[in-house]
Amino acid sequence: MIKKLRKYSILIYGLIFLIPAIHSFGQDSSVLMEGAVSYITGQNIYVRFTSTLGIENGDTLFFQENGQLIPALVVQHHSSISCLCVAIGKNILKVSDVVVARKMQPQRTQTPVTQMHEIPEKDVNEQVLTSPENKAGINQKQDFTGRVSLSSYSNFSNSGEDIHRFRYTLSAKASNISESKLSAETYISFSHKLNQWNEVQENLNNAIKIYNLALRYDFSETATLWAGRKINPRIANIGAVDGLQFEYGFKKMFAGVVAGSRPDYLDYGYNLSLFEYGAYFGQSQKAKNGFIQSSVAFLEQRNSGNVDRRFVYVQHTNSAVKNLNVFSSLELELYQMANNQPQNTLNLTSFYLSANYRVSWKLSLSGSYDNRKNVIYYETFRNYADEILQQASRQGVRLRINYRPLNYLMFGASGGTRFRKEDPRPSNSINGYATWSRVPLINASLNVSANVMQTSYLAGQIYGARVSKDIIPGKIYSTLQYRRVDFNYVNSATILKQNIGEVDFSYQINKKLYLTVNFEATIQENDWFNRLYLNLRIKF
C-alpha cells in the first residue's frame with residue numbers, strides 16, 4: 001500500500017499544486033484573532049490574547065501549521081486576556097506558538113477589524129509556515145516585545161535519584177530599531193541540572209538551545225535580507241538555516257537564495273561542516289478567503305566538504321476555498337550514495353499532505369498523510385505515556401472529526417495507521433474525547449478522553465478525566481486530572497499499569513507577571529514517580 005501511495009504522490013501533488021483560486025459566493029462571517037501560547041503544564045495549555053472579547057468557553061482555537069488552520073485547543077475558561085485550554089488530539093504546541101480564534105461577527109457590519117499587536121514568530125523547532133502577507137513594512141515605528149521565563153522541573157521517585165532541572169528562556173522581537181530598516185528577533189533557552197554543572201562546562205550546547213537568533217534588513221518593501229539562525233517560511237520543512245537568506249519579490253512572484261549551515265544533529269549547536277546552499281522561487285497571492293502560496297527550492301547539503309544531499313523541495317499552501325485549508329510538501333532526491341558510489345537518481349524521500357475542512361460551525365474534518373522523516377526533539381517534558389502515544393500517531397494516514405452539538409459541548413475522534421516496511425506490524429491508534437465546558441452547580445469544565453493504540457511492540461490504552469475551574473476570574477485557574485495507563489508488551493510478559501494524577505494552579509499576578517505550579521504523580525505496581533513544575537513568566 002505504501003508503495004502505491006509513493007508511486008502516485010507526485011501526481012497527487014501536481015493536482016494540488018495547480019488548484020486555482022476558487023472564490024466563494026458567500027462572505028465569511030468570522031474574523032481571526034491571534035494569541036500566543038504562554039505556557040504548558042501537563043495537558044493544560046494557556047493562551048494569551050490582547051483581548052478575549054468575542055471568545056467564549058467551549059470555543060475552538062486553531063494553530064497555523066504551514067499556513068493552514070487546524071483545530072488545536074478547546075477553551076475551558078477565559079479571563080479578559082487569557083484562555084485556559086485543553087488540547088484536541090495530540091497536536092504539539094510550544095511556548096510562544098501562535099494560535100488563532102475565530103471571532104464571529106454579524107455579516108451586515110462593515111467596521112474594519114483592528115489588527116492585533118504582532119506576536120513573536122514561532123521558534124524554528126516547530127518548523128511552521130507563517131502567512132507571507134504578514135511581512136513588516138519598512139516605514140513602521142520602532143517596536144519591542146519580549147518575555148522571560150524562569151522554570152524548575154523536579155522529579156522524585158522511590159527507585160532512583162531525584163533530579164532537579166532549571167530552565168530559563170528569552171523570547172524577544174525588535175522591529176524597525178531606531179525607526180530604521182533593521183529588525184531582530186530571538187528565542188533562546190538555557191537549562192541545567194542541579195549539581196551537574198560539569199555537563200554544561202563540557203559542552204555548552206548541552207545547556208543552551210538557540211532556536212531563533214537573526215537580524216533582518218529591509219532594503220525595500222520587496223527585498224529582505226536575513227542573517228543568523230532563522231527558519232524560512234517559503235521552505236518550512238527544511239528547518240533552520242545558520243547563515244544568510246535573501247529574498248526579492250515582484251508582483252505575485254518571489255525568489256530567494258540561501259547559504260549557510262545546518263544545526264548540529266546531536267545538540268542543535270552551530271556546525272559549520274554541515275554547509276548548505278540553494279535557491280528557491282514561487283508565487284504568492286491573496287484570495288477572497290485566504291491565500292495561495294507555492295514554492296520550489298533546489299538545495300545542496302554537504303558534510304565536511306563532501307556532498308551529502310542534493311534535492312528538490314516543493315511546498316504548496318492553499319486556503320482559497322472557503323473553510324478549506326490544504327498544505328503539502330515533498331522532497332525529491334537528485335543525488336545519493338549507494339555502495340560508496342555517487343548516483344544521480346530521482347527518488348521521492350519525503351511527502352506530506354494535510355487538509356482541514358470546516359463543514360459548519362458545529363462540524364470540522366481533517367486528514368493527513370505523513371511520510372516524512374522522524375522528528376528530533378531537543379527538549380521535551382512529556383511523561384512516558386504521552387511519549388508512547390505521540391510516537392504511535394506519527395507518520396502514516398490520520399483522520400480527525402470534531403463535532404459541537406451545543407455551545408458548551410464538544411465531541412471529537414481521530415484515528416490513524418502507520419505501515420512502514422521496517423515495522424514488524426502496523427501501528428494503529430484511535431482517540432476520542434468529550435468536553436462539557438460549563439458543568440452546572442460547580443461552574444467548571446469536564447473533559448473525558450480515551451486512547452487505544454497498537455504499536456510494533458505494545459498494545460495499550462489510556463483513559464482519563466479532567467476538571468478545570470476558574471477559582472478567581474482572571475486571576476487563578478485550577479485543574480485536576482486523572483489518567484489510567486495499561487500497556488501490554490508484545491514480545492514479553494511485561495505489563496505496565498499506571499495511575500497518573502495531576503493538579504495545576506496558575507496565578508496571573510498582573511498583566512506582565514504570571515506564576516504556575518503543577519504537580520504530577522505517577523503510581524505503578526512497586527514504584528512511584530512525582531514531578532513538580534514551577535514557572536514564573538515576565539513580559540516586557
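In this text, all values refer to a predicted model and were calculated from it rather than measured experimentally.
The closest side-chain donor-acceptor pair between Gln461 and Tyr463, if any, does not fall under 3.5 angstrom. Looking only at atom types and distance, the side chain of Asn323 has no donor-acceptor partner in the side chain of Arg358 under 3.5 Å away. Under the 3.5 Å distance criterion, with hydrogens and angles disregarded, a donor-acceptor pair is assigned to the side chains of Arg234 and Gln293.
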Output, in order, the C-alpha distance, side-chain angles, deciding distance and verdict of side-chain contact (heavy atoms from CB on, under 4.5 Å) for Ile231 and Asn212.
CA-CA 8 Å; Ile231 188 171; Asn212 186 11; over 6 Å; no
Verdict with reasoning, Lys230 to Glu185, per salt bridge (Lys or Arg N to Asp or Glu O under 4.0 Å):
CA-CA 9 Å; Lys230 173 70 178 177; Glu185 61 182 50; 2.8 Å; yes
Run the side-chain contact (heavy atoms from CB on, under 4.5 Å) check on Phe505 and Ile471 step by step: do they pass?
CA-CA 10 Å; Phe505 287 95; Ile471 298 177; 3.9 Å; yes
Does the side-chain contact (heavy atoms from CB on, under 4.5 Å) test come out yes or no for Lys209 and Tyr211, once each step is laid out?
CA-CA 6 Å; Lys209 293 291 181 291; Tyr211 296 114; 3.7 Å; yes
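When the side-chain contact (heavy atoms from CB on, under 4.5 Å) test is applied to Ala434, the partners found at least two apart in sequence or on another chain are Phe411, Val448. In this structure, the side-chain hydrogen bond (donor to acceptor under 3.5 Å, both in side chains) partners of Tyr482, at least two apart in sequence or on a different chain, are Asn499.
Side-chain N or O atoms of Thr435 include none that pairs as donor or acceptor with a backbone N or O of Ser437 at under 3.5 Å. Remark: side-chain polar atoms of Ser183 are paired, donor with acceptor, to backbone N or O of Asn176 under 3.5 angstrom.
The aromatic rings of Tyr533 and Tyr153 sit tilted, their planes meeting at an angle between 30° and 60°.
Contact detail for Lys512 and Asn510: the closest heavy-atom pair is N-OD1, 2.8 Å.
More than 12 heavy atoms of other residues, nucleotides or ligands sit less than 6.0 Å from atom CG of Leu182.
A salt bridge does not link Asp143 to Lys141: none of the charged nitrogens lies less than 4.0 Å from a carboxylate oxygen.
Taking the six-membered ring where the residue is Trp, the centroids of Phe540 and Phe144 are separated by under 6.0 Å.
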